[in-house]
Amino acid sequence: MPHSSFLAEVRDAVTPRATLLVVGVIALQLLFIASYVGALHDPKPRDVPFGVVAPQAAAGQAVGRLEQLPGSPLDPRALPNAAAARTRLAHRDIDAALIIDPRGSTDTLLVASGGGRVLSTTLTALVTTLEKSERRTIRTIDVIPSAPHDPNGLSSFYLVIGWCVGGYLGAAALAISAGAKPSNPTRAAIRLAVMALVAITGGLGGALIAGPILDALPGGTAALWGLGTLIIFAVGAATLALQGVFGTIGIGLVILLVVILGNPSAGGALPPPLLPPFWKAIGPALPPGAGTWSTRSIAYFDDNAMTGPLLVLSAWAVAGAAITLAAATVRRRATATQPP
């Protein structure tokens, strides 16, 4: 009897539903480890957009030599002059530029640590080695340096992570408090409206903390506020949509997309050119990646190169809101057609 009583307690404590959830948690845990370690364990530059400034003949030779480097670390292109190189850096078309001095033995490397100090350091080390093999020296100029209180260029990444966390936790709280699947379109619309208020508040709070309060990021507070609002709402709407379609499992899907896949591919700890191909490819399409790129653009690059990332975030927001409302409508119709 005690043995059967214990088994009954186990069945009551660990229901089949709970077992499935625990298995799902273990799967997410292993995916988390695989994604983060896979993305960050072996950083190597791959096809980094790279400018070369030199007289015409020397520029062609230099570009050809850089294109033949083992592993294709650089994607070089000739530029007419140093001013063009600085402009392309500011517009985020390239990540560094080498200015070759044909009359001397010292060349100049332009980098932008505001886009990620790890990348600028890696490129400096790579070009220094190449220059030594040619018996030349190099001087490095950081034309867009990271802020004094953001020495490693990570504040933008952590700010975006905070905004994303606010988005999916806020939406999860709204759903769990009264059922993951909204019972009707009105309730779904109310949840989206509340999510918009959460986004506005969280976006402003994050912008103030990272900007005026801690002075971690330069750039306009209003621009960061708007971006934060969009990020939070995009992640929150996507969370409501997945919960509306899949119920509680939707929370796990959000963690998979935003945390497990999105964070290591966002270009925070390692900028995109240092990521393996899979993470480099998916990063720009996920909210953390689009948000991190946009935040750095606001902070360091005069709002340049933001159209694509903003369209990505807007797509997540619009699609999430539309699916949330559609799922609630389908659910209401299904409930209405069921026999009493």
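One is the number of the first residue; the rest follow in order along the sequence. Every heavy atom of this structure was used, including side-chain atoms; hydrogens, water molecules and symmetry mates were not.
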Got a second to check how far Leu230's CG is from Ser294's OG, nearest 0.5 Å? 8.5 Å
If only atom types and distance count, is the side chain of Ser72 paired as donor or acceptor with the main-chain N or O of Gln68 below 3.5 Å? no
Same cluster or not: are Leu253 and Ile251 linked, directly or through other Ile, Leu, Val, Met, Phe, Trp or Tyr residues, by side-chain heavy atoms under 4.5 angstrom apart? yes
The test is side-chain contact (heavy atoms from CB on, under 4.5 Å); show your working for Tyr168 and Leu257 and say whether it passes. CA-CA 11 Å; Tyr168 65 73; Leu257 290 172; over 6 Å; no
Closest non-hydrogen atom pair, Ala188 against Ala328: CB-CB, 3.7 Å
Same cluster or not: Phe301 versus Ile141, using hydrophobic residues (I, L, V, M, F, W, Y) connected whenever any side-chain heavy atoms lie under 4.5 Å apart? yes
Candidate pair Phe50 and Leu66, rule side-chain contact (heavy atoms from CB on, under 4.5 Å), full reasoning: CA-CA 9 Å; Phe50 190 84; Leu66 295 175; 3.8 Å; yes
We want to know whether Arg136 and Ser105 form a side-chain donor-acceptor pair, criterion being a heavy-atom distance below 3.5 angstrom. no
Side-chain contact, heavy-atom cut-off 4.5 Å: Pro45 with Leu74? no
With heavy-atom distances below 4.5 Å as the criterion, would you say the side chains of Ile323 and Val245 are in contact? yes
Nearest-0.5 Å distance that lies between atom CG in Leu109 and atom CD1 in Ile100: 11.0 Å
Set out, in order, the CA-CA distance, both residues' side-chain angles and the distance that settles side-chain contact (heavy atoms from CB on, under 4.5 Å) for Arg191 and Val194, then state yes or no. CA-CA 5 Å; Arg191 289 181 180 179; Val194 174; 5.8 Å; no
Could you grab the distance from atom OG1 of Thr221 to atom CD1 of Ile209, nearest 0.5 Å is fine? 12.0 Å
Minimal non-hydrogen separation, Asp303 against Ile298, with atom names: OD1-CA, 3.3 Å
Decide yes or no on side-chain contact (heavy atoms from CB on, under 4.5 Å) for Val118 and Asn152, but give the supporting numbers first. CA-CA 7 Å; Val118 175; Asn152 295 316; over 6 Å; no
Side chain of Trp163, backbone of Gly202: donor and acceptor closer than 3.5 Å? yes
Can you give me the closest heavy-atom contact between Arg296 and Gly153, atom names plus distance? NH2-O, 2.8 Å
Side-chain donor/acceptor of Thr201 to backbone N/O of Val198, under 3.5 Å: no
If you round to the nearest 0.5 Å, how far is CG of Leu192 from OG1 of Thr324? 5.0 Å
Expected output: side-chain Ser265 to main-chain Lys280 donor-acceptor under 3.5 Å: no
First locate atom CG of Asp75, then atom CD1 of Ile94, and finally report the distance between them rounded to the nearest 0.5 Å. 11.0 Å
If we ignore angles and hydrogens, is there a donor and acceptor under 3.5 Å between the side chains of Ser297 and Arg92? yes
Consider only side-chain heavy atoms of I, L, V, M, F, W and Y, link residues closer than 4.5 Å, and tell whether Ile190 and Ile200 are in one cluster. no
Cluster check Leu311, Ile282: I/L/V/M/F/W/Y, side chain < 4.5 angstrom: no
Min side-chain heavy-atom separation Leu126-Thr122 under 4.5 Å: no
Report yes or no: does His41 contribute a side-chain atom to a donor-acceptor pair with the main-chain N or O of Gly38 at less than 3.5 Å? yes
So, do Thr124 and Val111 sit near enough that their side-chain heavy atoms are less than 4.5 Å apart? yes
Side chains of Pro73 and Arg46: closer than 4.5 Å at any heavy-atom pair? no
Correct closest heavy-atom pair for Ala84 and Asn81 would be N-OD1, 2.7 Å
Taking the side chain as every heavy atom from C-beta outward, state whether Tyr36 and Val259 have any atom pair closer than 4.5 Å. yes
Report yes if the side chains of Leu69 and Leu130 come closer than 4.5 Å at any heavy-atom pair, otherwise no. yes
Please identify which of these residues, Thr106, Asp107, Thr128, meets the side-chain hydrogen bond (donor to acceptor under 3.5 Å, both in side chains) condition with Thr137. Thr106
Is there a side-chain hydrogen bond (donor to acceptor under 3.5 Å, both in side chains) between Ser35 and Trp279? Walk through the geometry before answering. CA-CA 9 Å; Ser35 183; Trp279 286 269; 3.1 Å; yes
Nearest atoms (heavy-atom pairs only) where Val48 meets Pro273: CG2-CB, 3.5 Å
May I ask you to test the Leu197-Met195 pair for a side-chain heavy-atom distance under 4.5 Å? no
Looking only at the side chains, is there a donor atom on one of Tyr158 and Asp150 sitting less than 3.5 Å from an acceptor on the other? no
Is it true that Trp293 and Trp316 fall in one hydrophobic cluster, defined by side-chain heavy atoms closer than 4.5 Å? no
Just wondering, more than 12 heavy atoms not from Ile138 lying within 6.0 Å of its CD1? yes
Distance (rounded to the nearest 0.5 Å) between Ser113 OG and Asp142 CG: 3.5 Å
Looking only at non-hydrogen atoms, find the nearest pair between Ala199 and Ile232 and report the distance. CA-CG2, 3.5 Å
